[in-house]
Student: 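Please read through the structure below; I'll follow up with questions.
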Amino acid sequence: MLVVRVLGTIGILLVLSIIVFSMLHLAPGDIVKNLLGNRPSSPDAVAAIRAQYHLDQPLYMQYLIWLGNTLTGDFGQSIRLQDSVANVIGARLGITAALSGLSFLIALVVAIPLGVMSAVRSGSWIDRFATGFGIVGLSAPTFAVGLLLLYVFAFYVPIFPVYGAGDGGLDTLWHLVLPAITLALGLGAIILKLTRTAMLRELESDYVTFGRARGLPDRQVHLIALRNAAIPIVTGASLVLTFLVGGTVLAETTFALPGLGTLLQGSVLFKDIAVVQALTLLVAVTIATIALLADLAYIFLDPRIRAREGSQ
Amino acid sequence: MTSTEAIVLAKLPRSRRRHPIVVWASIALLAIVTVLAIFGNLIAPDATAQSILDSLLPPGSPGHLLGTDELGRDVLALTIAGAASALVGPVCVALGSMLLGILLGTVSGYLRGPVDFIIGRWTDLLFSLPLLLAAIVVAGIFGAGYWMTVLLLILLFSPSDIRIVRAGVMEQAARPFVEAAQMLSLSKARIMFTQVLPNVWSLIITNSMLNVAFALVAFSSLSFLGVGVAPGTADWGRQLTDGRAIMIDNPAAILVPALLIIGVASAANLVGDWLGQNLTRTGRS
Amino acid sequence: MTHAHVEVAGLTIEGPAGVVVAPFDFAIGRGETLALIGESGSGKTLSAKAIAGLLPSGFSARGSIALTTATIELPATDAIWRATRGRRISLLLQDPFTSLSPVHRCGTQIAMTIDAASDRRLSRSECADLVTQRLAEVNLPSDVARAYPHELSGGMRQRVAIAAALATDPELLIADEPTTALDASNQGEILDLLRRLQQARGMAALLISHDLGMVRGRAEHVLVMRHGEIVERGDTSSVLTAPSHPYTRALIEADPSLTDRSAAVERAASDASMLNDLVVATHVTKSFGDKAVLHGVSVAVGRGETVGIVGESGSGKTTIARCIAGLERESSGEIVFDGVVLAPGRASRTPKQMQIVFQDPYSSLNPMISVGRSLKLALRVAGRPASDLNSLLRLVELPVEFAVKRPAELSGGQRQRVAIARALAVQPQLLICDESVSALDVSVQKQILDLLAKLRVDLGLSILFISHDLAVVRQLADRVYVLRNGEVVESGDCHDVLNAPTHPYTQTLVAASIHEAPTH
């Protein structure tokens, strides 16, 4: 079962790599021109490009060479930034990781207790507030929220910086607060909805009634329910991640942060294909890995599945 | 369907009376935007007309209730004209994805076997792509226009519809009334479309309403990033990109479209949830 | 009863649509059991939840509960219930498969209860010792503490639940249908265990059940509840031997030890035995994946004959019926209908050969389609005119106005009549009834069985009747097959098999259904 799951992940990644590779050939316009970008198309430059990308070889060879290079960390050159793709990505990875981590932390700390409370006091004002928050959070596009926050904090409550990434360390963290809150709204809404729905379902189950019927304190009953609800919440990680990937691009663009999101946006608009390919693959691998880890967590959290896995 | 998806897509397990006023307000907002989307060009015929003389007027200026942007376009007229772009695309995406969902989901859920396997792997693949990222990359690299973007989003939205219809069909197909129809030796197609599908409609309609909300978010995000919509088009996402620079001179240029996007998407989401709770209750015995 | 241990006075329950349980009183003496009997929807479970303070939202209770240590006036606050539940009143639920948390070890779940009832913090080893002790009380070894619920059988899980429910030493234990979810062979053991524990502790118990026979010898007093009202009360033995209310009599009549087939069926049976076989299934096997469900089952139904197949859940009785109907494909074996060999699956069968009536009346009709449309569809398949609709409805004793109704507007019994009408619309030779009355209340069950008995005489139908309930089979069948683990263990004339079973398993089944008093 687990082996099948891993093989399935590898299969999907291979299919995706083919799609990503074909991007180069499917993009409108001449490949060489696309790869040259703004550089002058002298015969020497053209020849260099053809050699570098093995354009004389049959297509499947080109793919295999590209895949080989990619697997060894050679993603090619960024025509827009005139640097190796690995360097370009490496320079921006930190800020995106910090932004994602911070927003995830905010979302988690707010959404899980709120989701539990709103399920436990279903129908109360706190539940109504949480549900409303959830709907708006799920519906509001990250950039729209970002711009509203930006407007409020730029003019009315100028306590947070609104543009750029600051100059490292604590200052950067300070600059990340607003973008992280923006991103956390959508993330939190997803986690809130997962938690609330899972908790409501668990709270209606017989073992909760039986727990109360034999006099367990409320807190303990809620903990038992949360432990059971953890299974669907954790497996929701891939959904959260999918949102995070899109959301990061929007949040970084809104707040002009030099992270991977703005890199992707810029590269897409400039048709800097090597960078787009590398970023797309990076995201695909990250998502596949996290989804796999979420499945492992599932096995860890549910003794019934653990038993089934163990017996095979 | 995995348990997580089931939870995210699930209607809440108990009937919860949402404040009807909020639902009515949402329906009213959607109705107004629909009217604007259809008759917008009659109300605001000169939405993209530029006037350098009138550039960057603040809200409340004579003749320009919400002011103008730096090209001198009237923000109110632009916003009204943008309703069409905001609604037409998402509705088409929801309808197209619904159609794919009904066709592939019913076939997959009722016939099972190899057809189900192939469709299942296809939805797995599409599901593993982060929707917005895939749309940005494909629309951006291939320079897709508005309608190409609609097609692309239909493709990316369809897995959720396929899975929902499939799960609904499988749930219904295992019920005795379907077996009773088999005992009458009715054809598979007839059982599928006359016995099973009517019981899945409520799920389909609910999910389509939610799809409208998420497609609006996706569309406006794409145009905010500069893909999908040609520059100069009246579009709320585009207005936000352009308005960022003139936030100080005319805040209405970003506040109005931003609040509209959030409001319309929330309203569609809320109505979808509400439909889900009420339709599923009447659809089942 | 000399001194009451528990006295409940004026217990009334109101729901969103008004009063659902009318005021009633009862008292339970020290070390005594009171049985509350009623069918689903009678209000017995709501009464249990009201006494434990666990009514679902929308319901409220009035009245008072007097225990030796406290008196609770309903409705009570959460704080009062927190002090009451567990230490004074504990509630045991019906389904051991859902009443324990699947991700916590059994020992932990018992320990939590011990901890909640204890006035001081217990050390780990103290707690472990107490858990072992509690498990021993319910005859479970101490290593069950390390097991997760899914690793235990249903009977063992219910024992763990009992240990957890009693870990607080409550004055009153309410047991809500504690054995309904278990197989017949486990039911007696669990009830006797409860009885023994309750007597040993001098605890009062309220036993809630739908099965009057079940409480024979296991309760001092009985209350019979119907539609939220107490219709009969008294000593268990006098209620069982001399019931005063017609409803109680109907419940007792459903007990297989007292009833037999109706005269009409008897008449038809004498003709049936002379005719040749309509359907013969020989050495049918069926596996789902690795799991073999049928190991070479052979059954036959003669023309005009009614054949019963009985067995517990998992015996394969439904699978053999579905193989004959073509809804499952048998792995091997031969099914001959009217002299013609049928290939596995529906494709080789025609609607006129056989029809099936399913168990659950709530899902056997399409909720989106009116009764009339469903029936007309079936008539059209048989080539009959739509005008036959009215006679069809009359055949199953339904008013013709029902044609325009949706299934949601009908009661369970009415739906099952519609399902029978749909099956009969194509004039099948064989009618398969797959637990067709098990989801219905006893009184409705009787009506449907009478209808089937009448139809088989009037239409000369052959019926294959699948049921776990010996009482039901006894009322209708000429011959019977007893299935266990996918094999026929005994077969023959219904009367002979059920009155003088030869196979030990049939003997257990018959014994369990007659509910003999436990021997001490």
Side-chain angles (χ1 to χ4, degrees), chain A residues 1 4 116-125 127-128 195 198-235 296-312, chain C residues 48-49 51-58 78-79 81-105 108-118 147-151 157 160-170 173-176 181:
Chain A
M1 161 68 193
V4 174
V116 171
M117 273 196 288
S118 93
V120 168
R121 304 221 174 82
S122 171
S124 67
W125 68 266
D127 181 32
R128 276 205 288 270
T195 310
M199 272 303 276
L200 271 181
R201 190 171 290 187
E202 298 303 328
L203 285 173
E204 297 214 327
S205 64
D206 273 2
Y207 64 80
V208 165
T209 310
F210 185 47
R212 294 171 67 201
R214 56 188 207 270
L216 297 186
D218 287 350
R219 223 181 81 83
Q220 183 135 40
V221 172
H222 298 158
L223 281 177
I224 295 178
L226 185 60
R227 172 68 182 76
N228 277 278
I231 299 164
I233 297 174
V234 167
T235 37
L296 285 177
Y298 196 97
I299 294 170
F300 175 72
L301 286 170
D302 193 334
R304 287 162 295 185
I305 296 185
R306 211 180 322 165
R308 220 178 305 146
E309 291 290 326
S311 68
Q312 278 172 8
Chain C
K49 294 208 159 153
I51 300 170
L54 292 169
L55 281 174
S57 63
D78 280 354
W81 281 124
R82 272 198 288 275
T84 306
R85 278 194 302 257
R87 293 194 194 201
R88 300 201 170 102
I89 299 175
S90 201
L91 170 70
L92 181 66
L93 302 181
Q94 171 174 346
D95 189 351
F97 295 93
T98 57
S99 61
L100 296 170
S101 166
V103 299
H104 292 84
R105 293 180 198 276
T108 315
Q109 305 198 40
I110 298 173
M112 284 178 190
T113 323
I114 295 174
D115 210 40
S118 161
Y148 287 103
H150 68 93
E151 296 165 338
R157 290 192 211 192
V160 172
I162 291 172
L166 295 183
T168 51
D169 297 315
L173 176 72
I174 309 167
D176 184 7

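By convention in this document, chain letters (A, B, ...) are assigned in the order of the sequence lines, proteins followed by strands, and residues within each chain are numbered from 1. Since we're looking at a predicted model, the values are computed, not measured.
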Student: Hey, is the main chain of C/A164 close enough, under 3.5 Å, to the side chain of C/Q109 for a donor-acceptor pair?
Tutor: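 The answer is no, because no donor-acceptor pair under 3.5 Å joins these two groups.
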Student: Look at the side chain of A/R212 and the backbone N and O of A/V221, then say whether any donor-acceptor pair between them is shorter than 3.5 Å.
Tutor: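 Pair absent, no side-chain N/O of A/R212 close to backbone of A/V221.
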Student: For the residue pair C/R82 and C/D78, establish whether any side-chain heavy-atom pair is separated by less than 4.5 Å.
Tutor: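 Contact flag for C/R82/C/D78 side chains = yes.
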Student: Taking every heavy-atom pair that is under 4.5 Å apart, which of C/A52, C/S90, C/A116, C/S101 has the most such pairs with chain A?
Tutor: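 The option with the most such pairs is C/S101.
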Student: I'd like to verify something: which residue of C/P56, C/A161, C/A117, C/P149 has the highest number of heavy-atom pairs under 4.5 Å with chain A?
Tutor: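 Looking at each of C/P56, C/A161, C/A117, C/P149 in turn, C/A161 comes out on top.
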Student: Among C/L100, C/L166, C/D115, C/T108, single out the residue with the greatest number of heavy-atom pairs under 4.5 Å to chain A.
Tutor: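 Of the options given, most contacts go to C/L100.
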Student: Go through the atoms of A/T209 and report whether side chain, backbone, both or neither lie under 4.5 Å from a heavy atom of chain C.
Tutor: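 Contact with chain C involves both backbone and side-chain atoms of A/T209.
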Student: Among C/L91, C/L54, C/L93, C/V103, single out the residue with the greatest number of heavy-atom pairs under 4.5 Å to chain A.
Tutor: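 Looking at each option in turn, the highest pair count goes to C/V103.
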Student: In sequence, state the C-alpha distance, the side-chain angles, and the governing distance for C/K49 and C/D176, and then conclude on salt bridge (Lys or Arg N to Asp or Glu O under 4.0 Å).
Tutor: CA-CA 9 Å; C/K49 294 208 159 153; C/D176 184 7; 5.9 Å; no
Student: Could you look at C/T168 and say if it's the side chain, the backbone, both or neither that has a heavy atom under 4.5 Å from chain A?
Tutor: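 Only the side chain of C/T168 comes within 4.5 Å of chain A.
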Student: Check whether any side-chain heavy atom of A/I224 sits under 4.5 Å from a side-chain heavy atom of A/V208, and report yes or no.
Tutor: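 Result no, sub-4.5 Å side-chain heavy-atom pair not found.
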